[in-house]
Amino acid sequence: MRQSESFIPTLKELGADAIIPSHRLMLRAGLVRQVASGIFSFLPLGYKVLKVIMDILRREIDAIGGQEFFLPALNPIEIWQQTGRVEAMGDVMFHIKNREGLVLAPTHEEIITYHARQHLKSYRDLPQIWYQIQTKFRNEPRPKSGVLRGRQFFMKDAYSMDATWEGLDVSYQKHYEAYKKIFDSCNLKFFIVGASSGAMGGRQSQEFMIESDAGEDNCVICYACGYAANLEVASSNAHPSGRESTNLPIEEFPTPDARTIDDLIEKYNLLEERLAKSVVYIIDSQPVLIMMRGNDELNESKLQGVFGTGNFRPALPEELLVSSGANAGSIGPVGLKTKMKVIADNRLKDANGLVSGANRDGFHNKNIDFSRDCTIDGYYDLRTVCEGESCSNCGAPIRIVKAIELGHIFKLGTKYSEALGATFLDAHGNENPLIMGSYGIGVERIMAAFIEQHHDEKGIIWKKPLLPFHVHLLGINVPKFDDVTKACVDAYSELKKQGFDVLYDDRNENPGVKFNDADLIGIPVQVIIGRKNLDAGNIEIKIRETGERKVIQKSDLTDEIRKFYID
RNA sequence: CGGGAUAUAGCUCAGUUUGGUAGAGCACCUGCUUUGGGAGCAGGGGGUCGUAGGUUCAAAUCCUGCUAUCCCGACCA
């Protein structure tokens, strides 16, 4: 492609609106343009790379037996009502205004299950893996970070239908392996985390993440052993408080000016590890007292896991007073005004010598022994892990990083097949709901994530196979000098003949413009042909990633390029 | 939905405090020069100052409503 005839609108400067590197570079290199908040046009160069990503997705999902569909973005709302997701999605789903009963699909579980119901009637029809690479529409409350969170975006979405739970495990594992190949193919440094199954139900869920400050998820990572988990489910080797040798009788003492854990530590010279913080939640309409150590933070995802419900909230101040007899800051497990369930974090298991509220405003108890003085209905991992704690796997200090979610794989189970009546007959003639899995990847996110990981101050650094062209041929002072122009045209056609995709900068621009644009666009190899070297029969090759320059003989060009791409 | 900010030429922005002829750089067009890291000179085209109202002899500028966009938070299958 001749650059003089191409639409590659690079930008020298950019406003302050775009913050993160991938967003800025995608705009500056002429890959995308924003049309409205969260809505982007892909320009030819950007779309070219996007198609490469889609090809990789197709290749790997086809390889595990996936069959590609093209599904409608316009969906009848009835089918969404049957699964209860019109309410569940709420404002996230776009509703068509001038045609009753149509919505824009934010995802495609419903439509896939609809077709499965039509035709998958026997265990002999299973398993199936169906997928699509299509636009999804979501009315995000706050689109951000360029294409990372948009209102319209491409998703590779795959669904598996199995006759048995063991079959689902197999389908799930196939996707797990395929996803690793996909992200490896894209040269992404990624990690996989166990994720909360959340409100979707289902048995297992894993997320494919890349570390990035632009990310919206927090993940625990151990660089020593590779342990990684979403903060929602992560654990660590935080030391339990344990038992002290002296076990004095419980004793109330006045603490009129202490309402927080830090107050107690500072004003009463107490150790954090001997402090038991009380948190009251209303879970399924019942108050529950939750004991956490010191300043440990309660992890609501873990709480949801323990109680198997998302129907909970912190208690209101008046509810605290009614159930415990005291206000926040003076609540504890001993002497509660009303009987309520009491659970505690594992870190406080069977501990003694503890200080906690006395359920009388302005008083605390000391020398509390959890196994002597109160009934703990259960010990669970309830705390949010902190930076620097030791890894539960290898003991090295863990880090907490922000991460971008590129993909998730999910064992859906029978939620959708039951709701929509997608059943099959098993070998015994019994009717069963299809057992489903759902596997998504954000296509634009792969591109943005790649750029986040592969750029420098000058621009993008593409790497095979994610690249818009193999070679950027820079004609220095063309079309002015006929011999330089001829050498460029010769190199251009020779490289094309060898099967390389070449962007030939034949524009009548200053050399500086061409060099800077080339570094910005980031094609891996630049071939620079100019007066300086051509008089000696030489041309120059520059490797974008390393900046390495090599002056070679003109006749060696295709060999050098081939070597670069084969190595 | 809460908090903050912004809206002026294709792009990046000044001008708004203190009301009085619409500005710069880049980009674009013409000509000449230049040519290995975002060139120089000369000439030229281009704006209903987000939008609707109000105040005023006069509004980009002051006042009110609305809209859009960005950032932080909430939310996020």
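Just so it is clear, the values below take in all heavy atoms, side chains as well, and ignore hydrogens, waters and symmetry mates. Within every chain, numbering begins at 1; the chains are lettered A, B, ... in the order of the sequence lines, protein sequences first and strands thereafter. Note that the structure is a prediction, hence the values are computed from the model and not measured.
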*Can A/D482 and A/K486 be said to form a salt bridge (charged side-chain N to carboxylate O under 4.0 Å, His left out), step by step?*
CA-CA 6 Å; A/D482 287 344; A/K486 182 177 183 307; over 6 Å; no
*Could you check A/Y131 against A/F69 for ring-ring contact (aromatic ring centres under 6.0 Å, His included), going step by step and ending with a plain yes or no?*
CA-CA 6 Å; A/Y131 77 98; A/F69 280 58; 8.6 Å; no
*Going through the checks in order, is the side-chain hydrogen bond (donor to acceptor under 3.5 Å, both in side chains) test met by A/Y416 and A/R85?*
CA-CA 10 Å; A/Y416 296 95; A/R85 287 223 286 180; 3.0 Å; yes
Please tabulate, one pair per line, each protein N/O and nucleotide N/O from nucleotides 22-24 of chain B that are separated by under 3.5 Å, including the distance.
none

Filtered N/O pairs between nucleotides 3-12 of chain B and protein, under 3.5 Å:
none

Check nucleotides 71-76 of chain B for protein N or O atoms closer than 3.5 Å to its own N or O atoms and list the pairs.
from	atom 1	to	atom 2	distance (Å)
B/rC72	OP2	A/R142	NH1	3.3
B/rC72	OP2	A/R142	NH2	3.0
B/rC76	O2	A/R149	NE	3.4
B/rC76	O2	A/R149	NH1	2.9
B/rC76	O2	A/R149	NH2	2.5

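Residues passing the salt bridge (Lys or Arg N to Asp or Glu O under 4.0 Å) test with A/K180 are A/E177, sequence neighbours excluded. Residues satisfying the side-chain hydrogen bond (donor to acceptor under 3.5 Å, both in side chains) test with A/R142, not counting sequence neighbours, are none. For A/Y172, there are no ring pair (Phe, Tyr, Trp, His ring centres under 6.0 Å) partners at least two apart in sequence or on another chain. Shown here are the side-chain hydrogen bond (donor to acceptor under 3.5 Å, both in side chains) partners of A/D519, two or more places apart in sequence or in another chain: A/Q526, A/K542. With sequence neighbours excluded, no residue satisfies salt bridge (Lys or Arg N to Asp or Glu O under 4.0 Å) with A/D91.
Across the protein-nucleic acid pair, A/K514 atom NZ and B/rG36 atom P stand 12 Å apart, rounded to whole Å. One can place CZ of A/R507 at 12 Å from P of B/rA39, the figure rounded to the nearest angstrom. Across the protein-nucleic acid pair, A/D91 atom CG and B/rC1 atom P stand 9 Å apart, rounded to whole Å. With rounding to whole Å, A/D505 atom CG is found 19 Å from B/rU35 atom P. At whole-Å resolution of the value, CG in A/L148 and C1' in B/rC70 are 15 Å apart. One can place CG of A/N477 at 12 Å from C1' of B/rA39, the figure rounded to the nearest angstrom. Across the protein-nucleic acid pair, A/I541 atom CD1 and B/rG36 atom C1' stand 17 Å apart, rounded to whole Å. As a whole-Å value, the separation of A/L27 CG from B/rU69 C1' is 13 Å.
Cation-pi check for A/K48 over A/F469 is met; the charged atom lies under 6.0 angstrom from the ring centroid and within 45 degrees of its normal.
Closest to the side chain of A/Q34, from the set B/rU35, B/rU69, B/rG37, is B/rU69.
Separating the P atom of B/rG53 from that of B/rA58 is a span of 16 Å, rounded to the nearest Å. Comparing the same atom, C1', in B/rC76 and in B/rG19 gives a spacing of 47 Å after rounding to whole Å. Comparing B/rU61 with B/rU56, their C1' atoms sit 13 Å apart, to the nearest whole Å.
The shortest side-chain heavy-atom distance between A/L57 and A/F154 does not fall under the 4.5 Å cut-off. In this structure, A/L25 and A/L31 have side chains that are not in contact, with every pair of non-hydrogen atoms separated by 4.5 Å or more.
The side chain of A/S37 places no N or O atom within less than 4.0 Å of a non-bridging phosphate oxygen (OP1 or OP2) of B/rA68.
Evaluation of atom-type donor-acceptor distances gives a pair under 3.5 Å for the side chain of A/D519 against the base of B/rG37. Below the 3.5 angstrom threshold, one finds a donor paired with an acceptor across the side chain of A/E540 and the base of B/rG36. Judged by atom type and distance alone, A/D517 reaches the base of B/rG38 through a side-chain donor-acceptor pair under 3.5 Å.
Neither side chain, A/Q152 nor A/T135, offers a donor N or O lying under 3.5 Å from an acceptor on the other. For the 3.5 Å distance criterion, the side chains of A/Y159 and A/Q132 fail to qualify, holding no donor opposite an acceptor.
At the heavy-atom level, A/T107 lies nowhere under 4.0 Å from the strands shown. At the heavy-atom level, A/M155 lies under 4.0 Å from base atoms of the strands shown. A/R33 comes within 4.0 angstrom of nothing in the nucleic acid, heavy atoms only.
Pairs engaging residues 18-33 of chain A under the side chain to side chain donor-acceptor pair (under 3.5 Å) rule: A/S22-A/E452 [sequence neighbours left out].
Atom CD of A/E540 sits about 9.5 Å away from atom CG of A/L474, to the nearest 0.5 Å.
We find that A/D535 and A/R531 are joined by a salt bridge, their nearest charged nitrogen and carboxylate oxygen being less than 4.0 Å apart. Between A/R383 and A/E297 there is no salt bridge, since no side-chain nitrogen of the basic residue lies less than 4.0 Å from a carboxylate oxygen of the acidic one. Using a 4.0 Å cut-off between charged side-chain N and carboxylate O, A/E211 and A/K402 make no salt bridge.
Of the residues in residues 521-535 of chain A, those lying under 4.0 Å from RNA chain B by heavy-atom distance are A/I528, A/G530, A/K532, A/N533.
Checking B/rU6 for Watson-Crick or G-U wobble geometry (two distances, each under 3.5 Å) identifies B/rA68 as its partner. Pairing partner, B/rU55: none, since no Watson-Crick or wobble contact has both distances short of 3.5 Å. Remark: B/rA74 base-pairs with no nucleotide in the shown strands. Criterion, Watson-Crick or G-U wobble with two distances under 3.5 Å. Base-pair partner of B/rU30: B/rA42 (Watson-Crick or G-U wobble, both distances under 3.5 Å). The base-pairing partner of B/rG36, taking Watson-Crick or G-U wobble contacts with both distances under 3.5 Å, does not exist among the strands shown. Across all strands shown, B/rU21 forms no Watson-Crick or G-U wobble pair with both key distances under 3.5 Å.
Along RNA chain B, the nucleotide nearest to A/V513 and the one nearest to A/K480 differ in position, and the one closer to the 5' end is contacted by A/K480.
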*Once each nucleotide of nucleotides 40-47 of chain B is scored for protein heavy atoms under 4.0 Å, what B/S/- sequence comes out, 5' to 3'?*
--------
Would you give me the side-chain donor-acceptor pairs under 3.5 Å for residues 510-517 of chain A, sequence neighbours excluded?
from	atom 1	to	atom 2	distance (Å)
A/K514	NZ	A/G475	O	2.7
A/K514	NZ	A/D505	O	3.2
A/K514	NZ	A/R507	O	2.6
A/N516	OD1	A/K458	NZ	2.8
A/N516	ND2	A/G512	O	2.9
A/D517	OD1	A/T10	OG1	3.0
A/D517	OD2	A/T10	OG1	3.4
A/D517	OD2	A/R507	NH1	3.3
A/D517	OD2	A/R507	NH2	3.0

